[in-house]
Amino acid sequence: MAIDYGVRRTGIAVTDSLKLIANGLTTVETRGLMDFLKTYVEKEDVELIVVGLPRQTNGRESDNLPRVRSFVGQLRKSLPGMPVEWWDERYTSVMARRAMLESGIGKKARQNKALVDEISACIILQGYMEGLRR
């Protein structure tokens, strides 16, 4: 599972059982994220959670990084046996918008920030899985 954590919304992606392809699961309001994750992990087989590491293009910490670190701390307390990994999320929103444009999705759908967050989570998870294969 991958998480693209945001102040208001969080995109979530999962992979198929063979761990080949990341798929968008949903976007949830961040204030309800922990409850969603606890429920999901109870029902589904989740081996690992990958959290997007927000950095600026120059590699420095983004304004959102302290919030994400706090969330990861809460996540580790709430799901103590669940491994949590970081993955660089720079450019994922740009890549998500480009993927939407290239797929032919209409302009109105491309403005859907929740969809961008979900696709960004897919990009994070796909990148993580490809990194493992290298």
Side-chain angles (χ1 to χ4, degrees):
M1 170 184 280
I3 296 174
D4 180 32
Y5 185 90
V7 175
R8 292 184 7 207
R9 290 173 317 279
T10 296
I12 301 173
V14 294
T15 185
D16 61 301
S17 60
L18 297 175
K19 300 179 186 106
L20 298 174
I21 298 175
N23 299 294
L25 178 63
T26 190
T27 301
V28 299
E29 288 187 31
T30 299
R31 66 177 177 222
L33 177 60
M34 197 62 69
D35 290 335
F36 175 87
L37 293 174
K38 287 178 190 176
T39 301
Y40 188 84
V41 167
E42 285 176 8
K43 294 178 182 177
E44 301 295 333
D45 183 28
V46 178
E47 296 176 16
L48 168 82
I49 297 176
V50 180
V51 179
L53 178 64
R55 295 205 177 269
Q56 297 177 14
T57 55
N58 63 8
R60 293 188 178 165
E61 293 186 3
S62 75
D63 293 340
N64 198 34
L65 187 54
R67 286 185 286 271
V68 178
R69 280 192 177 131
S70 175
F71 161 73
V72 168
Q74 293 171 0
L75 181 62
R76 287 183 169 141
K77 286 178 186 173
S78 296
L79 301 172
M82 181 64 62
V84 179
E85 303 253 348
W86 293 99
W87 190 257
D88 189 345
E89 70 169 31
R90 280 180 285 183
Y91 307 109
T92 56
S93 293
V94 172
M95 292 167 65
R97 285 185 179 91
R98 183 176 301 142
M100 292 168 72
L101 183 63
E102 291 173 359
S103 73
I105 292 176
K107 183 177 180 179
K108 186 168 183 155
R110 289 194 313 263
Q111 293 172 344
N112 179 347
K113 292 180 181 181
L115 183 57
V116 172
D117 294 337
E118 188 176 323
I119 294 171
S120 293
C122 286
I123 293 168
I124 291 167
L125 185 54
Q126 194 69 44
Y128 178 82
M129 291 187 306
E130 289 172 6
L132 290 178
R133 288 192 279 268
R134 288 185 206 139

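Quick caveat: nothing in here was measured; it's all calculated off a predicted structure.
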Under a 3.5 Å distance rule, please check whether [X] uses its side chain to pair with a backbone N or O of [Y] as donor and acceptor.
X     : Y     : answer
Ser78 : Gln74 : yes
Arg76 : Val84 : yes
Thr15 : Ile21 : yes
Thr26 : Val28 : no
Gln56 : Glu61 : yes

Run the side-chain hydrogen bond (donor to acceptor under 3.5 Å, both in side chains) test against Thr30 and tell me which residues pass, sequence neighbours left out.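 So Thr30 forms a side-chain hydrogen bond (donor to acceptor under 3.5 Å, both in side chains) with Thr10.
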Hydrophobic clusters here meaning ILVMFWY residues chained together by side-chain heavy-atom distances under 4.5 Å, can you tell me if [X] and [Y] are in one?
X      : Y      : answer
Ile123 : Ile49  : no
Leu25  : Leu125 : no
Val72  : Trp87  : no
Ile124 : Leu48  : yes
Val51  : Tyr40  : yes

Decide if atom CG of Asp16 counts as having more than 12 heavy atoms of other residues, nucleotides or ligands within a radius under 6.0 Å.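 For Asp16, atom CG is crowded (more than 12 foreign heavy atoms under 6.0 Å).
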Quick check: are there more than 12 heavy atoms from other residues, nucleotides or ligands sitting under 6.0 Å from CZ of Arg60?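 Atom CZ in Arg60 is not packed in, count stays at 12 or less.
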Using every non-hydrogen atom in the two residues, find where [X] and [Y] come nearest and quote the distance to one decimal.
X      : Y      : value
Ala121 : Ala2   : O-CB, 3.5 Å
Gly11  : Thr27  : CA-OG1, 4.2 Å
Ala22  : Cys122 : CB-O, 3.4 Å
Asp4   : Ser120 : OD2-CB, 3.2 Å

Calculate, to the nearest 0.5 Å, the distance between atoms [atom1] and [atom2] belonging to [X] and [Y] respectively.
X      : Y      : atom1 : atom2 : result
Ile12  : Asp117 : CD1   : CG    : 10.5 Å
Met129 : Arg133 : CE    : CZ    : 5.5 Å
Leu20  : Gln126 : CG    : CD    : 8.5 Å

Might you work through the salt bridge (charged side-chain N to carboxylate O under 4.0 Å, His left out) test for Glu47 and Lys19, ending with a clear yes or no? CA-CA 11 Å; Glu47 296 176 16; Lys19 300 179 186 106; 3.1 Å; yes
Is any side-chain heavy atom of [X] closer than 4.5 Å to a side-chain heavy atom of [Y]?
X     : Y     : value
Phe71 : Met34 : yes
Leu79 : Val46 : no
Arg55 : Leu53 : yes

Step by step, work out the side chain to side chain contact (heavy atoms under 4.5 Å, CB included) result for Val7 and Arg67. CA-CA 8 Å; Val7 175; Arg67 286 185 286 271; 3.3 Å; yes
